[in-house]
Amino acid sequence: MAMRWGTFALRFAIVLVASLIAPAQTEDRLAEKSREANALMQQGRFAEAVTNYEELVRALPANPGLRLNLGMALQMAGRIPESVPHFEAVIKAQPASVPALLSLGMARVQMGQAAQAIAPLQKVVAAEPSNVNARGLLAQALLEAGRPAEAATQYRRLTALTPKDTRAWSGLGRAYEVLAAKAFSELKPESAEWAVLAADSRRARGQNKAAFFFYRKALELMPSFRGVHASLAEIYRAAGHAAWAVEEEAKEKSLKKPDCVAEKEACAFAAGRYLEAAAGTAYWRAKAYNELARRALAQLGTLPESVELIALRAEIAANRGQPLVAVEEWKKALKLAPGDERLERELMASLSEARDYDTLLPLLREHLKRSPADAELNYFMGDALLRQEKPEEAVPYLEAAVKASPDVLAGRALLGQALARAGRAAEAIPHLEAAVRLDEDGAIHYQMSRAYQAAGQAEKARAALERYQEIRQKSEAEKRDLEQQIEITAPSAKLPGQS
């Protein structure tokens, strides 16, 4: 969840309104209208200000200051697409206008057009290197546009300019996480490097048994892999096996030290030069960026309580499967930022995970009044109603979700389930068939079997039921095997896969 600069930049823009209305008017009525519009902006009455500025722009269409103010008023009133042509017109007349470039860049970000926001924001940053709002928006746009390395550069500058700004540290951590994930995706799953990073990830989440399995797998593939024995030693100590830990530590000490000429990344990482290590192979990029992300996010813990810090805690809780904890954190964040749409959506997602429908449903209804066609909101509403055994009520919401996002198979799977449970098997079948590739535990095949049976398609029902049973048996066998494999055993035990 990227932390955003939009609201702060808009406040910056409003400060400019008074000076941008500047040209003296010969007609008293226009001058009065200008003062009135400015006052409305300062009072936050943006919709009313729009009407005044529209009249002023009609009277003085060549005045870039008035057109800029109209764009700002539209933007602040939530009519963002309508604001863009006005900012573009100002930039055409005044290519170096920082307020117009900043407002245009922000509007593009708000509209989800991050790639188009980059150019105007780069011009602002070039003209005003210390403009924190512009640099923050640029970093955000770069990250959302899939350019995390450039985003990280901008976030690093921000942390230097504003070392106590939680948005800067959070954004930097997120950029590094994206870079680490990208590097990890380049590794082959059957490699020792992949296994070590998978183990590191599990261990960071407190899943020591799973980490143990992957570390042992890495040693099977590469017995001399540095650091693995030390990690196993820490797992052993945490599990109360001190003697086994000592044995692993001795194995770690017996390994040869890295050759800093041939293994520059290893030495750079060991010395804490993580950006230097990140210039190496995919393994070292992933490892270095993970460490940089951890350090950036750790900085948040040194800063005063803020929306960003609370949101980070909520996100961590959600990722760890603790939705009730996440709910409480999102509620705390909303006390600091009431009405924040992003935070409210995150709260609703966690409420859905926690199955707290008494709290969730009123929130969803309130948001759906404002955005009745929103795919995510309709999906959450349909899911909540279906879990409350109200399939007939769930169907219209899920149909709206699928209509808005027909390629999201999870929505089609849920719609198929709701239709089937509402006694509309024939309508359910196409949606279940479309979503069948999502079926990891056999649930969709089971629902298909029942829908086929209700629709009188006995042969298809039999085939779907057989496939369901196959998937379930395979899943249960894999679960049993994994439970056996991830037991923490003595160092002398045979490695996984050895006979």
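Just so it is clear, the values below take in all heavy atoms, side chains as well, and ignore hydrogens, waters and symmetry mates. Treat the numbers as computed from the prediction; the structure is a model and nothing was measured.
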Report the residue from L303, T162, L158 that forms a side chain to side chain contact (heavy atoms under 4.5 Å, CB included) with W169. L303
Sort and list the pairs that fulfil salt bridge (Lys or Arg N to Asp or Glu O under 4.0 Å) and have at least one residue in residues 418-434, not counting sequence neighbours. E389-R421, E399-R424, R424-E427
What's the shortest heavy-atom distance between N63 and L66, and which atoms? OD1-N, 3.0 Å
Between F184 and W194, is the ring centre distance below 6.0 Å? yes
Is any side-chain heavy atom of L361 less than 4.5 Å from a side-chain heavy atom of Q388? yes
Report the C-alpha distance between R294 and E291 in whole Å, list the side-chain angles of each, state the deciding distance to 0.1 Å, and finish with yes or no for salt bridge (charged side-chain N to carboxylate O under 4.0 Å, His left out). CA-CA 5 Å; R294 187 191 68 77; E291 180 60 21; 2.6 Å; yes
Salt bridge (Lys or Arg N to Asp or Glu O under 4.0 Å) contacts in which one or both residues fall within residues 38-50, not counting sequence neighbours: R45-E48
Under 3.5 Å, is there a donor-acceptor pair between the side chain of S103 and the main chain of A100? no
For residues 268-285, tabulate all N or O donor-acceptor pairs below 3.5 Å that involve a side-chain atom, not counting sequence neighbours.
{"residue": "R273", "atom": "NE", "partner": "E276", "partner atom": "OE1", "Å": "2.7"}
{"residue": "Y274", "atom": "OH", "partner": "R295", "partner atom": "NH2", "Å": "3.1"}
{"residue": "R285", "atom": "NH1", "partner": "G280", "partner atom": "O", "Å": "3.2"}
{"residue": "R285", "atom": "NH2", "partner": "E186", "partner atom": "OE1", "Å": "2.5"}
{"residue": "R285", "atom": "NH2", "partner": "E186", "partner atom": "OE2", "Å": "3.0"}

Hydrogens and angles aside, do Q75 and S83 bring a side-chain donor and acceptor to less than 3.5 Å of each other? no
Tell me, with the steps shown, if Y176 and R156 meet side-chain hydrogen bond (donor to acceptor under 3.5 Å, both in side chains). CA-CA 11 Å; Y176 285 143; R156 282 197 297 272; 3.0 Å; yes
Please check: side-chain N/O of S371 versus main-chain N/O of L368, any donor-acceptor pairing under 3.5 Å? no
What I'd like to find out is whether the side chain of K331 reaches to under 4.5 Å of the side chain of L347, using heavy atoms alone. yes
Does any part of the side chain of E177, heavy atoms only, come nearer than 4.5 Å to the side chain of L297, both counted from C-beta? yes
Within-4.5 Å side-chain heavy-atom neighbours: Y53 and L74: no
Before you tell me yes or no, could you show the steps for R205 and S201 under side-chain hydrogen bond (donor to acceptor under 3.5 Å, both in side chains), namely the whole-Å CA-CA distance, both residues' side-chain angles and the distance that decides it to 0.1 Å? CA-CA 7 Å; R205 296 199 295 267; S201 174; 2.9 Å; yes
CA sep, side-chain torsions, deciding dist, call: R147, I118, side chain to side chain contact (heavy atoms under 4.5 Å, CB included): CA-CA 11 Å; R147 295 160 64 174; I118 292 169; 3.3 Å; yes
Under 3.5 Å: donor-acceptor pair, side chain of D439, backbone of A443: yes
S306 side chain near L336 side chain, heavy-atom distance below 4.5 Å: no
Suppose we screen for ring-ring contact (aromatic ring centres under 6.0 Å, His included). Which residues come up paired with F87, at least two apart in sequence or across chains? none
Report, one line per pair, each donor and acceptor closer than 3.5 Å where one atom sits in a side chain of residues 404-411; sequence neighbours left out.
none

Take E328 and R313, measure what salt bridge (charged side-chain N to carboxylate O under 4.0 Å, His left out) needs, and give me the verdict at the end. CA-CA 10 Å; E328 293 308 310; R313 291 202 301 261; over 6 Å; no
Any salt bridge linking R58 with E55? Criterion: basic side-chain nitrogen under 4.0 Å from a carboxylate oxygen. no
Verdict with supporting geometry, I444 and R437, side chain to side chain contact (heavy atoms under 4.5 Å, CB included): CA-CA 9 Å; I444 295 178; R437 63 177 138 164; over 6 Å; no
Identify, with sequence neighbours excluded, every residue that meets salt bridge (charged side-chain N to carboxylate O under 4.0 Å, His left out) alongside R67. none
Ion pair D374/R345, N-O distance below 4.0 Å: yes
Quick one, R79 and F46 - any side-chain contact, counting heavy atoms below 4.5 Å? no
Under a 4.5 Å cut-off applied to non-hydrogen side-chain atoms, are D200 and K287 in contact? yes
